[in-house]
Structures are given as structure tokens and as C-alpha cells.
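Input: a single structure, listed below in C-alpha cells.
When a ligand or atom number is given, it counts from 1 through the structure's own listing order.
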Amino acid sequence: MVRVRFAPSPTGYLHVGGARTALFNWLYARHHGGIFVLRIEDTDAERSSDDMVRAILTSLRWMGVDWDEGPEVGGPHGPYTQTARFDRHRERADALVREGHAYYCYCSTQRLQAERAAAEARGEGWMYDRQCLRLGAEEIAAMEAAQLPRAVRVRVPEGKTTFADQVHGPITVDHATIEDFVIVRSDALPTYQLSVVCDDIDMAITHVIRGDDHISNTPKQIILYRALDAEVPAFAHVPLILGPDKKRLSKRHGATAVGEYQAQGILPEAFVNFLALLGWSPGSDEEIFSRDQLVARFSLDGISGGNAVFNPEKLEWFSAQHLARLSPDELLARVRPELESGGLWDDGLAGERREWFVRVFSLLVPRARRLGDFAPQLVPFLGKVEGYDPAAVDKHLKAPGLSHHVSALADALRALEPFDEATTEATVRAVAESAGLKFGALVHATRIAVTGRAVSPGLFETLVLIGRGQVVARLEALAQFLP
Ligand code: GLU
């Protein structure tokens with residue numbers, strides 16, 4: 001049974017890198033019919049907050065990454081918050097001391113700092129010198145009697161650790177390069193290395209899929225698994241995400257928090273599709289995948305060892321592609337909240353005007369990239385044009401006598417039969433010709449009259465959908481407005 005986990009620290013919002021780690025774990029679990037655990041690693045008490053936990057859960061849910069065990073869901077291996085498991089971590093550390101795999105260290109911070117500084121002054125690195133490993137029973141008794149604060153350090157055995165990273169292949173580290181690391185600090189707080197290993201053991205995690213930045217922790221953690229006599233999980237370290245300039249992705253590159261993409265109206269299925277392809281490849285050129293297709297295709301073999309480059313334009317492209325694939329009902333359902341809050345909604349749009357509304361959407365979809373692109377474009381169709389874009393007026397409404405020609409067009413359209421794309425276009429052409437105007441000039445004026453802007457979907461399709469009555473009224477309004 002595959003059991004994986006995503007273990008975010010709630011010290012900030014869910015970012016692109018974490019979101020991708022969560023997604024890879026989730027895809028792996030779903031592909032194998034396994035369990036996806038969410039564990040909150042709130043060990044940095046000062047920087048962690050409940051607000052951030054909530055924000056992370058919201059972002060995961062938006063992505064459709066659901067967890068089988070974890071916060072708000074529960075499960076047989078709870079609690080799923082790391083600080084609530086500290087006692088268990090300390091018990092394990094004490095057991096390691098009893099069994100000789102770890103020892104208490106009474107060294108003061110001052111001494112450790114001084115040793116390190118002296119080594120650095122000589123141009124050398126410093127590793128803990130095992131002073132407390134050499135203490136005799138009497139010395140230990142004296143320190144205990146004096147109630148000196150004590151940390152717990154792992155007694156790193158001699159030898160090497162090799163693990164078969166599922167992305168990078170075998171990685172070997174000589175223990176001579178690993179100091180006797182601290183697993184419980186002198187203030188009794190368990191460290192990340194201990195907590196993560198204890199929790200992964202207790203939650204029966206079989207595969208640890210996480211960022212490359214944790215590769216250097218892995219040998220230490222394997223030493224702990226062995227000392228605790230626990231089975232070592234498989235490890236897969238996923239390469240970093242870089243910005244378009246090949247530097248580590250950061251705020252400088254624009255939005256990095258998942259919530260920002262949600263707020264921008266990027267479709268969640270597009271975001272997931274895009275993230276999945278950041279470092280994973282299906283082994284072909286295919287790019288558009290639904291969530292289900294990703295689940296079916298995902299494997300750790302497809303993760304490349306090279307860093308992935310985050311390209312925001314590509315994300316927009318994915319969003320446009322997925323928008324175009326939504327059914328009319330689905331699209332309407334997603335845009336509706338924004339129309340409601342913008343006062344543009346009326347129930348007829350889902351009732352007797354639905355068919356018309358679907359046609360309007362099919363006109364807008366080819367130019368849309370985000371959900372938020374619809375509401376402003378829908379304004380002219382829902383009958384609420386207020387004012388003209390000043391830049392459009394400046395650029396396109398300067399021809400002498402234009403008011404008169406716009407008025408003539410309104411008159412010609414009033415009696416036009418039938419009122420369709422071909423006839424409206426022919427009418428605009430004929431009126432322009434007899435006025436000695438360029439066709440393009442009258443097209444611009446008409447577009448500004450009916451939409452308020454210089455850009456819109458195809459003008460004649462737009463006119464037909466807006467309907468004769470509104471088109472004529474808006475042309476007359478523009479004629480009035482013009483000198
Ligand atoms: N809490 C750690 C982090 O946010 C993850 C630990 C792990 O995956 O082992 O980086």
C-alpha cells in the first residue's frame with residue numbers, strides 16, 4: 001500500500017514549489033490507489049500561524065488536491081500537526097539514548113560557538129567534537145545534579161549511507177562528513193530531523209517525495225530510521241523550480257503564491273496541468289491533461305533530474321486551453337459568481353436566455369485566458385455600456401461629420417431585414433461608402449458605440465447578439481455624444 005505525505009510548514013502561503021510537491025505526492029497516491037496524508041509541520045512556533053494553515057488548505061482544495069488523512073479530515077494516525085506529536089518524538093529520543101544510538105550533550109552554546117569561530121578563523125570547518133560522548137558516569141551525574149540543560153545528539157556510526165533516489169539515482173554519503181546532529185534541543189524542542197522521521201514512521205509513509213533542498217537531510221534521516229529499527233521509505237527528490245531567467249523562483253518573477261493565481265482567475269485544472277509538467281514528462285509531446293489523465297499517466301520515472309523553468313505565459317496558455325474545453329454549463333457556473341457580485345446576473349441567463357448566453361460565451365472564449373476576462377467583456381452584451389474608453393475616442397472618433405454618419409447607420413439598421421452578420425456588414429460598408437468614409441473608420445465607431453471600447457470580438461457577430469434595438473439605440477447615443 002502506497003502512503004505518501006505532503007508536509008508543509010505553515011510559515012507562509014502555499015507557493016508554486018510546495019504546490020507542485022503536493023501535486024506529485026497526490027498524483028502518485030491516486031495513481032497507485034494509495035493514501036495521501038497532509039501533515040502540518042508547525043515546529044517553527046514563531047513563524048507558523050493558523051491563518052497560514054487555513055490558507056494552505058484552501059489552496060490545496062482549490063487545486064483539487066484532497067487528502068485522505070490530515071487536518072479537518074482526521075485519520076488513524078493523528079494528530080496531523082507536528083507540535084502535537086512532540087512528546088512521542090522526545091520518547092523516541094530518550095529510547096535512542098538508552099540504546100546507545102544517541103547521547104545527552106551538555107555543551108553550552110557559547111562553547112560550541114567559540115569552537116566553530118576558532119576553526120573558521122583557521123580556515124577550517126567544524127563538526128561537533130563529541131566531548132559529551134566521552135563523559136564518564138560521574139561527570140554525567142554531576143551535570144544532571146546541576147540541572148544543566150541538555151540536548152540529545154545522534155551518535156553517527158562510522159560508514160556510509162547509500163540510498164536509491166527515485167529521481168537522481170544512487171546517492172552515497174560518507175558518515176565522516178556528518179556530525180553528531182542534534183535531535184532534541186537543550187530547550188527540549190525536537191528538531192526537524194527527528195520529528196519528520198518519527199512522524200513518517202508512525203504514519204507508515206512508504207515514499208517520501210519532496211524538494212531537492214532536502215537531499216542533504218536524507219542521509220541523517222536514514223541514520224535515524226536505522227537507529228529506530230524502522231523500515232526506510234523510498235525517496236524521490238524533485239528538482240527546483242526556476243524563473244524564466246534560470247534563477248531560483250522568487251517574488252521577483254511575479255506571483256508565486258497559489259492564492260494569487262486563484263485570484264487572477266487562472267483555472268485550477270490549468271494550474272494543475274501546468275504544475276504537473278514542471279519537472280515531469282509523460283514521455284511524449286502531449287501537453288493538455290485533465291486531472292484524471294494525469295492520475296492515469298503519472299509515474300516517478302517521468303520526473304527529470306534537471307531543474308524546471310516556470311513560465312507564466314505558458315500558464316496563461318494552459319488556462320486558455322482549459323477554458324476552451326469547459327462545457328457551456330461548467331463555464332457559466334464558474335463565471336456566475338463574478339457576474340452576481342458585479343450586478344450583471346439575472347436568472348433569465350440560466351433560463352429563457354440561456355441559449356443566447358451560451359452563444360455570447362462561445363464568441364468570448366477564444367480570446368479569454370482567465371475566468372476574470374469574461375465579466376468585463378460581457379458588460380456590453382448584458383446591456384450596461386456606460387461611457388466610452390477615452391483612448392478609443394481619441395484615436396478613432398476624429399473624422400469630421402462622423403456624428404452624422406453614425407446616425408445614418410442607425411437609420412439603415414433600424415429597417416434592416418434580416419438582421420444578421422452578412423446584412424449588418426453590408427450595411428456598414430454601404431453607409432461608409434456613401435459617406436466617403438473608410439470602412440474601417442465606421443467599423444471602429446460602431447464598435448465603440450456598442451461596446452464602449454476599441455477592442456471586441458468580431459463586430460458583426462457582436463451586433464447580432466446584442467440585437468437590433470440596443471445597437472440602434474447605442475449608435476444614436478454615440479451620434480449625440482459626438483460634436
Ligand atoms: N516541512 C518541510 C518543508 O516544508 C518538509 C519536510 C519534508 O518533506 O521532509 O520543507
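Heavy-atom contacts of Val196 reach the following atoms of ligand 1: 9 (O) (cutoff under 4.0 Å). Which parts of ligand 1 touch Arg210 is read off a 4.0 Å heavy-atom cut-off, strictly below it: atoms 7 (C), 8 (O), 9 (O).
With no hydrogens or angles considered, no side-chain donor-acceptor pair links Asp51 and Tyr13 at under 3.5 Å. For the 3.5 Å distance criterion, the side chains of Gln131 and Tyr106 fail to qualify, holding no donor opposite an acceptor.
Among protein heavy atoms, atom 5 (C) of ligand 1 sits closest to Ala7 O, 3.4 Å. At the top of the distance list for atom 1 (N) of ligand 1, counting protein heavy atoms only, stands Glu41 OE1, 2.5 Å. Protein heavy atom in closest approach to atom 4 (O) of ligand 1: Ser9 OG, 3.3 Å. Of the protein's non-hydrogen atoms, the one nearest atom 10 (O) of ligand 1 is His214 NE2, 3.0 Å.
Under the 4.0 angstrom criterion for non-hydrogen atoms, Phe6 is not in contact with ligand 1. Under a 4.0 Å heavy-atom criterion, Arg5 is in contact with ligand 1.
Panel note: side chain Glu139, backbone Gly136; a donor-acceptor pair is recorded below 3.5 Å.
Taking 4.0 Å as the cut-off between side-chain N and carboxylate O, Arg130 and Glu179 do not count as a salt-bridged pair. A salt bridge links Asp202 with Arg92: at least one charged nitrogen is closer than 4.0 Å to a carboxylate oxygen. Salt bridge absent: Arg5 and Asp199 never bring a charged side-chain N and a carboxylate O closer than 4.0 Å.
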